[in-house]
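In this text, all values refer to a predicted model and were calculated from it rather than measured experimentally.
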Amino acid sequence: MKVLVIGSGGREHTIAWRLALSNSVSEVICVPGNGGTAHEAKCRNIDPKDNPALANLSLNEAAVSVAKSEKVEFAVIGPEDPLAEGIADSLWAAGIPTVGPKAKGAALEASKDLSKIFMQKYGVACADSKTFTNKEEALAYVRQKGAPIVIKADGLAAGKGVVVAKTLAEAESAVEELTANLGDAGKKLVIEEYLQGVEISVLAAVSVTEESAKNGTACIKAFLPARDHKRLLDGAKGPNTGGMGAVCPLEDVTAETIAAFDANILQPTLKGLIAEKMDYRGFIFFGLMITKDGPKALEYNVRLGDPETQAVLPMMDFDFAELCKAIMTGTLNSFQLNWKSGFQVAPVAVSGGYPLKYAKGKVITLANSVISDAGAKIFIAGAINDRRAKTPTLITSGGRVLACSAHGATFDEAWKKAYEAMDGVQFEGMFYRKDIGLPGAAESN
């Protein structure tokens, strides 16, 4: 069977790779894909911009057109923006089964205000918060509460809509900047209490429909816990980024923490999805803070996390395509999630200057023997094929360029393999953290 994957980042390369491993999948069509999926076994890119029949269509329309012409069996949606814009609704309406929530469910990420209302309504453990549409009232509130405090833009802001303000001056500046610079996303601000603790990520598969809610088969199943390292520099220093690397699973997450997460966050979320009659067949990302009072939800993402996906999906000891089918057909409740033993470490290489201004078009050299000898897998995020080159050549096209993911029986083995493989990657201005997963590398408040 053919499968469609929507997106162009490292998460989508990982999804396409994992689907292609299934014996039941003959080809993965990536729209638009990237320089990694272009060379991945059983994968083929279709970029609407390069196709006259698709170039003037919206992404939703292009996805439906490609899905029909390629006769795919189902689609998997990677990024949040198309989900918020109803791509799953469009595909299902066209008869294309889809992994990814419809727009009503996708609003849990598209609006932080709606997300907080949902959490509070259904008893999901989370930070206290208040929402503002008036900048002066928001400023008065942060002056009343003081710092530290968290300021969030309500809408999607490509990872640039959250500020953890340690001082009152930072909080005031955040209110001013988010309302001035983020357009519609910053018209409403959610201001939260500052939670003390350490962050983790938990991805989960979700299968909720009106029918499954009635017959009791609606289901949510958590994956192994992971950690994304957001700060640019070693020791969790420097500016926030889209993610400098991930590790899975986590030795510092106890069985008691997982049990509390299940009781106080996972199950209340499922209860809310059912009660709100959401058609949610896809994945959900729980950003969590592990506090002295147990785990609390920081946010929902309505898709797999990036770069967590590059560390979590290689740990799967089951057929990912079959999991996707179980999500869509309402049989997730009987699907067994089995995991490899050991650890996965995935540092990310970024362009010089990231997360601020950075150059593009830098040639990437991969020493495949070094990478394969280390037993690692490269997942491309911000790189494309250079069309001017006579031979296939990868060049940088984004800030986060690639992840180098490796497995080991122990964390130390996985870490050593990942960094040995990173020695086989070169491009001008390349930078990466040297401490992903090590003590002191995790962000903590």
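- Looking only at side-chain heavy atoms (C-beta outward), P239 and L356 stay at 4.5 Å or farther from each other.
- Under a cut-off of 6.0 angstrom, the local environment of NZ in K340 is crowded, with over 12 non-hydrogen atoms contributed by other residues, nucleotides or ligands.
- In summary, the side chains of H39 and N385 do present a donor paired with an acceptor at a separation below 3.5 Å, with no hydrogens or angles considered.
- Of the charged side-chain nitrogens involved, at least one lies within less than 4.0 Å of a carboxylate oxygen, so that K377 and E40 count as a salt-bridged pair.
- Using a 4.0 Å cut-off between charged nitrogen and carboxylate oxygen, E70 and R44 count as a salt-bridge pair.
- Within 6.0 Å of CG on N56 lie no more than 12 heavy atoms contributed by other residues, nucleotides or ligands.
- A donor atom on one side chain and an acceptor atom on the other are not found under 3.5 Å apart for S8 and N34.
- The side-chain hydrogen bond (donor to acceptor under 3.5 Å, both in side chains) check on S405 picks up Q344, with sequence neighbours excluded.
- Checked options V163, L298, V162; the residue passing with V150 is V162 (criterion: side-chain contact (heavy atoms from CB on, under 4.5 Å)).
- Within 6.0 Å of the CD atom in E176, the count of heavy atoms belonging to other residues, nucleotides or ligands exceeds 12.
- T331 and S334 form no side-chain donor-acceptor contact under 3.5 Å, judged by distance and modelled atom types alone.
- Side-chain contact between P79 and R11: present, with at least one pair of heavy atoms (C-beta onward) separated by less than 4.5 Å.
- From F286, atom CZ reaches atom CD1 of I265 across 7.5 Å, with rounding to the nearest 0.5 Å.
- Between K416 and E413, none of the side-chain N atoms (NZ, or NE/NH1/NH2) sits under 4.0 Å from a carboxylate O, so this pair counts as no salt bridge.
- Counting heavy-atom neighbours within 6.0 Å of K360 NZ, excluding the residue itself, gives a total of 12 or less.
- Taking the six-membered ring where the residue is Trp, the centroids of Y300 and F285 are separated by 6.0 Å or more.
- Looking at residues two or more places apart in sequence or on another chain, you find no ring pair (Phe, Tyr, Trp, His ring centres under 6.0 Å) involving F343.
- For residues 92-106, the set of pairs meeting the side chain to side chain donor-acceptor pair (under 3.5 Å) definition, not counting sequence neighbours, comprises K102-D279.
- Using a 4.0 Å cut-off between charged nitrogen and carboxylate oxygen, K116 and E192 count as a salt-bridge pair.
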Item checked: Step-by-step side-chain contact (heavy atoms from CB on, under 4.5 Å) determination, T241 to V350 -> CA-CA 10 Å; T241 72; V350 303; over 6 Å; no
